[in-house]
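Any value given below was found using the heavy atoms of this structure, including those in side chains, with hydrogens, waters and symmetry copies removed. Note that this is a predicted model, so its numbers are computed, not measured. In what follows, chains carry the letters A, B, and so on, assigned in the order in which the sequence lines appear, proteins first and then strands, with residues in each chain numbered from 1.
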Amino acid sequence: MLDLKFVRTNPDKVKEALNKRGSAVGLDDFLALEEQRRQELVQVEQLKNRRNTVSEEIGRLKKQGQEAEAMVIEMRQVSQKIREMDEDLKEIEEKLSYTLLTIPNIPHESVPESLSEENNVEIRKWGAPKEFTFNPLPHWDIGEGLGILDFERAAKVTGARFVFYKGLGARLERALINFMLDLHTGKHGYTEIFPPFMVNRDSMTGTGQLPKFEEEAFRIDSVDYFLIPTAEVPVTNLYRGEILEGEKLPIYHAAYSACFRAEAGAAGRDTRGLIRQHQFNKVEMVKFTLPENSYDELEKLTANAEKVLQLLELPYRVICLCTGDLGFSSAKTYDLEVWLPSYGTYREISSCSNFEDYQARRANIRFRRNPKAKPEFVHTLNGSGLAIGRTVAAILENYQQQDGSVLVPKVLQPYMGVEKISK
RNA sequence: GGAGAGAUGGCUGAGUGGUCGAAAGCGCUCGACUCGAAAUCGAGUGACCCUUUACUGGGUCCCAGGGUUCGAAUCCCUGUCUCUCCGCCA
């Protein structure tokens with residue numbers, strides 16, 4: 001969420017930012033309503049002041065055994081008026097806060113300006129796509145051929161966009177989770193978190209999934225909880241409503257979680273394989289930093305995610321998302337895209353973002369530079385390190401052999417206990 | 001799931017209708033003492049909103065949301081969470 005005062009005093013900047021994103025919000029109506037709110041607030045606060053002083057006077061008189069009936073009668077009316085105005089104000093504030101919660105973040109100045117994802121900027125490339133002497137198969141054919149992926153039975157047991165991993169497939173999934181967590185906790189300084197996979201409405205609002213994108217999430221009807229779409233939600237909300245000690249920053253957390261996405265509107269896209277599932281596994285990195293350091297931290301975070309791909313020896317590229325492709329809460333995002341031979345293209349496997357104080361303001365996560373200082377909002381960042389299902393897809397495709405077997409990347413061999421997955 | 005107890009500032013904890021944003025202690029900050037530290041002494045120490053160029057002034061907040069009242073941390077209702085006991089379970 002943007003700072004209300006900032007929106008009020010810089011309406012042109014906000015409008016410009018919204019235009020860059022191709023996102024329209026009725027800002028003029030919003031500002032007019034905000035003006036009305038402040039006027040009414042001043043009035044009702046004057047009434048409350050009167051009620052407070054007179055009530056105090058009534059108390060004093062009664063203690064002395066004196067009559068105060070006229071004042072009581074007047075205050076009865078004043079209180080009624082206050083009740084009405086408070087109700088009115090509450091309605092106005094609800095409208096304002098809803099609008100404020102649906103305004104996306106302002107893109108950082110370094111973000112390329114364009115409404116089309118065509119204009120995302122490639123920052124760098126690592127590794128070269130492997131040349132195959134045979135026609136590389138898509139990962140679902142490889143996986144089904146090896147008997148390690150079972151989409152059909154998952155469709156029977158649950159529905160479309162679910163999968164069973166079996167045997168070394170299941171082990172590969174688990175190996176990747178452990179490998180990534182070991183790397184980030186052991187080498188990159190992250191503290192491991194194992195979060196709840198369901199969160200409440202406040203948490204979903206804190207990181208920006210609600211109120212605008214409720215249809216994207218799976219909701220548990222009976223308790224109004226949501227299945228998490230990413231560990232970002234529980235881990236960022238860990239410190240919701242808290243004031244952290246400045247010297248504890250930066251805080252780095254790495255968390256494995258299952259992720260659940262309804263993917264409303266994605267029907268027909270990536271219908272086969274592991275790329276787009278309703279449930280997938282992911283290791284997520286989350287950072288809480290000082291405001292002045294967050295862009296350095298974004299570069300480091302991205303490098304941490306890249307390290308995973310480098311160790312797995314998977315070719316990838318880093319792109320910087322343009323303003324129109326940027327996620328709702330993000331000020332700047334790098335996507336990591338891994339090479340998938342059967343697609344003949346790079347596909348997103350990680351997304352690393354700096355949210356600046358946007359989530360921190362929503363979730364009210366602050367810090368003090370020293371024990372006496374005023375609280376300030378932290379900056380939050382997160383990035384996948386990495387999406388496990390897509391990593392499995394990338395390994396199956398990039399390491400496939402002509403005979404249908406799949407070599408196990410060196411760094412995973414200790415976790416897998418084998419060098420090759422074959423029938 | 002059943003029964004009971006509780007939720008107060010960074011922490012412990014007092015407060016049962018008015019002068020309570022809230023005693024006391026701890027912690028923290030600054031100062032004094034000291035070569036320095038500890039101990040001791042003194043002063044200070046919540047958040048948010050509105051108003052003002054500023055000094056200031058005002059409002060809200062004692063788990064959350066409703067209600068009673070001229071007036072609520074305090075009384076009533078609902079919810080959430082925590083603890084204890086029982087049941088059930090991994």
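- For the P atom pair drawn from B:U8 and B:A23, the interatomic distance equals 16 Å after rounding to whole Å.
- When only modelled atom types and interatomic distance are considered, A:Y252 and A:E297 share a side-chain donor-acceptor pair under 3.5 Å.
- Nucleotides B:G13 and B:C49, compared at atom P, are 31 Å apart to the nearest Å.
- The C1' atoms of B:G65 and B:G46 are separated by 24 Å, rounded to the nearest whole Å.
- Across the protein-nucleic acid pair, A:K90 atom NZ and B:G66 atom P stand 4 Å apart, rounded to whole Å.
- One P atom belongs to B:G59, the other to B:A72, and the distance between them is 13 Å to the nearest Å.
- Considering only side-chain atoms of A:E45, the nucleotide from B:G58, B:G65, B:C70 that sits closest is B:G58.
- A distance of about 35 Å separates the P atoms of B:U69 and B:C11, rounded to the whole Å.
- At distances below 3.5 Å, not a single donor-acceptor pair connects side-chain atoms of A:S351 with backbone N or O atoms of A:D335.
- Between A:R50 and B:G59 there is no side-chain N or O to OP1 or OP2 distance below 4.0 Å.
- Checked against B:A47, B:G65, B:C50, the side chain of A:R366 finds its nearest nucleotide in B:A47.
- Within 3.5 Å, no donor on the side chain of A:E56 pairs with an acceptor on the base of B:G18, nor the reverse.
- Side-chain contact check for A:E173 and A:N281: at least one donor-acceptor pair (N or O, by modelled atom type) lies under 3.5 Å.
- As a whole-Å value, the separation of A:Q43 CD from B:C49 P is 21 Å.
- Note on ring orientation: taking the six-membered ring where Trp is involved, the planes of A:F328 and A:Y358 are perpendicular (angle over 60°, cut-offs 30° and 60°).
- Taken together, the paired segments of RNA chain B that extend over three or more consecutive Watson-Crick or G-U pairs, each closer than 3.5 Å at both contacts, are B:1-7 with B:80-86, B:10-12 with B:24-26, B:27-32 with B:40-45, B:46-50 with B:57-61, B:63-67 with B:75-79.
- Residue order along RNA chain B, read from the 5' end via each residue's closest nucleotide, puts A:P375 first among A:P375 and A:R76.
- Closest approach to the A:R83 side chain among B:U60, B:C50, B:U68 is made by B:U68 (side chain taken as heavy atoms from C-beta onward).
- Using a 4.0 Å heavy-atom cutoff across all strands shown, A:R361 reaches no nucleic acid atom at all.
- Taking each heavy atom of A:V286 and A:F288 in turn, the nearest pair found is CG1-CE1, 3.9 Å.
- Phosphate contact (OP1/OP2 of B:U69, side-chain N/O of A:S79, threshold under 4.0 Å): absent.
- For the pair A:R369 CZ and B:U29 P, the computed distance is 18 Å after rounding to whole Å.
- Nearest-nucleotide positions on RNA chain B place A:E34 closer to the 5' end than the other of A:T53 and A:E34.
- Spacing between atom CG of A:L100 and atom P of B:C49 amounts to 12 Å, rounded to whole angstrom units.
- Comparing atom distances between the A:N49 side chain and each of B:G58, B:C48, B:G71 picks out B:G58 as nearest.
- Comparing B:U68, B:U51, B:G59 by their nearest atom to the side chain of A:N52 picks out B:G59.
- For A:D357 against A:H379, the heavy-atom pair with the smallest separation is N-CD2, 3.5 Å.
- One interatomic measurement links the two molecules: CG of A:L244 to P of B:G10, which rounds to 13 Å at whole-angstrom precision.
- Annotation: B:G15 and B:A24 have their P atoms spaced 15 Å apart (nearest Å).
- In this model, the phosphate group of B:G18 is not approached by any side-chain N or O of A:R60 to a distance below 4.0 Å at OP1 or OP2.
- Nucleotides B:C55 and B:A7 are separated by 39 Å at their P atoms, to the nearest Å.
- At a cut-off of 3.5 Å, with distance as the only test, a side-chain donor of A:S203 or A:N200 sits close to an acceptor on the other residue.
- Considering only side-chain N and O atoms, A:R201 lies nowhere under 4.0 angstrom from the phosphate OP1 or OP2 of B:A64.
- If you check every strand for non-hydrogen atoms under 4.0 Å, A:I58 touches a base.
- Between the side chains of A:E192 and A:Y256, no donor-acceptor pair of N or O atoms lies under 3.5 Å.
- Using a distance-only test at 3.5 Å, with no hydrogens or angles considered, a donor-acceptor pair links the side chain of A:R361 to the main chain of A:M1.
- One N or O on the side chain of A:S329 and one on the backbone of A:T207 form a donor-acceptor pair closer than 3.5 Å.
- The nearest whole Å value for the distance from the CG atom in A:L61 to the P atom in B:C70 is 16 Å.
- The side chain of A:R368 lies closest to B:G46 when the candidates are B:C50, B:G46, B:C70.
- Proximity of A:K48 to the phosphate of B:G71: no side-chain N or O atom is located under 4.0 Å from OP1 or OP2.
- Rounded to whole Å, atom C1' of B:C61 lies 14 Å from atom CD of A:E93.
- Annotation: B:G10 and B:C63 have their P atoms spaced 13 Å apart (nearest Å).
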